Amino acid sequence: MLEGITEVNKDKFYANRRTPYPHIHGNSVSFSRINTLTLSVNEPMKSSIVAKFLKRWHPNLLRAKGYLFVNENCYLLQHVMKRSYWEPTDYRGRNYLVLIGIDLNIDEIQKEWAKLSLKVGS
């Protein structure tokens with residue numbers, strides 16, 4: 001049983017979920033509404049464009065993290081809800097951005113990212 005969920009309030013708890021019952025593994029609970037998506041970054045990007053892209057998916061986007069080139073320098077981007085933090089780094093590997101959210105529209109995000117990448121690359 002989930003901590004804090006009694007037989008009396010169990011139905012009320014589950015009534016507010018799209019997934020009727022969680023997947024329980026040991027002491028951790030995973031709801032299938034959580035999505036993770038990794039986007040490739042092939043070109044240097046402007047931080048303002050990336051921030052605008054991320055804000056578009058709020059409130060479903062919970063977190064984003066990745067390495068991106070901005071003005072020929074590499075940065076570690078950490079985005080939580082509406083806040084983005086850019087930290088300079090010496091990382092020189094492949095650039096990517098990982099998105100974590102609830103009920104993310106993965107197809108739409110990938111299409112918008114592809115359009116954004118084409119604009120940046122041209």
Side-chain angles (χ1 to χ4, degrees):
M1 183 58 64
L2 298 173
E3 186 176 321
I5 304 296
T6 64
E7 289 297 321
V8 175
N9 65 8
K10 179 176 72 171
D11 291 335
K12 186 184 287 185
F13 174 80
Y14 289 128
N16 294 324
R17 306 277 182 213
R18 285 190 192 161
T19 303
Y21 297 98
H23 305 284
I24 300 174
H25 304 280
N27 293 328
S28 64
V29 178
S30 172
F31 291 91
S32 60
R33 295 176 57 202
I34 302 293
N35 306 95
T36 303
L37 171 64
T38 302
L39 301 170
S40 295
V41 182
N42 299 320
E43 300 287 335
M45 306 190 88
K46 291 183 179 180
S47 59
S48 60
I49 291 173
V50 175
K52 184 176 178 181
F53 174 81
L54 294 175
K55 285 181 183 178
R56 178 163 189 251
W57 309 109
H58 179 79
N60 297 67
L61 180 63
L62 302 174
R63 184 158 171 75
K65 188 172 186 177
Y67 291 98
L68 301 137
F69 276 100
V70 177
N71 299 329
E72 299 180 22
N73 295 312
C74 189
Y75 290 86
L76 169 62
L77 166 63
Q78 298 193 63
H79 177 84
V80 180
M81 297 305 287
K82 291 184 179 180
R83 295 186 177 165
S84 294
Y85 304 94
W86 296 86
E87 181 181 336
T89 179
D90 292 331
Y91 176 79
R92 294 291 176 234
R94 184 174 171 203
N95 285 216
Y96 61 90
L97 185 61
V98 177
L99 308 179
I100 301 169
I102 298 172
D103 295 330
L104 292 173
N105 186 331
I106 298 213
D107 292 334
E108 186 177 352
I109 291 172
Q110 288 174 327
K111 286 177 188 174
E112 290 299 317
W113 186 254
K115 287 181 196 174
L116 184 66
S117 296
L118 287 174
K119 287 180 188 176
V120 171
S122 57

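Excluded from the calculations below are hydrogen atoms, water molecules and symmetry mates; all remaining heavy atoms, backbone and side chain alike, are included. Computed from a predicted structure; not experimentally measured.
Under the side-chain hydrogen bond (donor to acceptor under 3.5 Å, both in side chains) criterion, S84 pairs with H79, not counting sequence neighbours.
Aromatic ring pairs are classed by plane angle as parallel below 30°, tilted from 30° to 60° and perpendicular above 60°; the pair Y91 and Y67 is parallel.
Atom CG in L116 sits 6.5 Å away from atom CZ in F53 (nearest 0.5 Å). With rounding to the nearest 0.5 Å, the separation of CZ in R33 from CG in L104 is 11.0 Å. Residue K82 holds its NZ atom at 8.5 Å from NZ of K55, rounded to the nearest 0.5 Å. To the nearest 0.5 Å, atoms CG (L99) and OG1 (T36) are separated by 9.0 Å. Remark: W113 CH2 to E108 CD distance equals 15.0 Å, nearest 0.5 Å. Taking CG of N95 as the reference point, atom CG of N42 lies at 8.5 Å (rounded to 0.5 Å).
Note on I109 and I49: same hydrophobic cluster, where clusters join Ile, Leu, Val, Met, Phe, Trp and Tyr whose side-chain heavy atoms are under 4.5 Å apart, directly or indirectly. In the hydrophobic clustering of ILVMFWY residues, with side-chain heavy atoms under 4.5 Å counting as a link, V41 and I106 come out together. Hydrophobic cluster membership differs between Y85 and F69, with clusters built from Ile, Leu, Val, Met, Phe, Trp and Tyr side chains linked at under 4.5 angstrom.
With 3.5 Å as the limit, one finds no donor-acceptor pair spanning the side chains of R83 and Q78.
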side-chain contact (heavy atoms from CB on, under 4.5 Å) between K46 and K52, intermediate numbers included:
CA-CA 10 Å; K46 291 183 179 180; K52 184 176 178 181; over 6 Å; no
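The only member of V50, L76, N73 that meets side-chain contact (heavy atoms from CB on, under 4.5 Å) when paired with W86 is V50.
Proximity of L77 to K65: side-chain heavy atoms (C-beta onward) are nowhere separated by under 4.5 Å.
Here the shortest heavy-atom pairing between A64 and L54 reads CB-CD2, 4.0 Å. Of all heavy-atom pairs between C74 and R92, the closest is CB-NH1, 3.3 Å. Heavy atoms only, all atoms of each residue included: R94 and S40 are closest at NH2-OG, 2.8 Å. Looking at every heavy atom in both residues, L61 comes nearest to I100 through CD1-O, 3.5 Å. Counting all heavy atoms, side chain and backbone alike, M45 lies closest to E43 at CG-O, 3.3 Å.
Here the side chain of N60 pairs a donor or acceptor atom with the backbone of I102 at under 3.5 angstrom.
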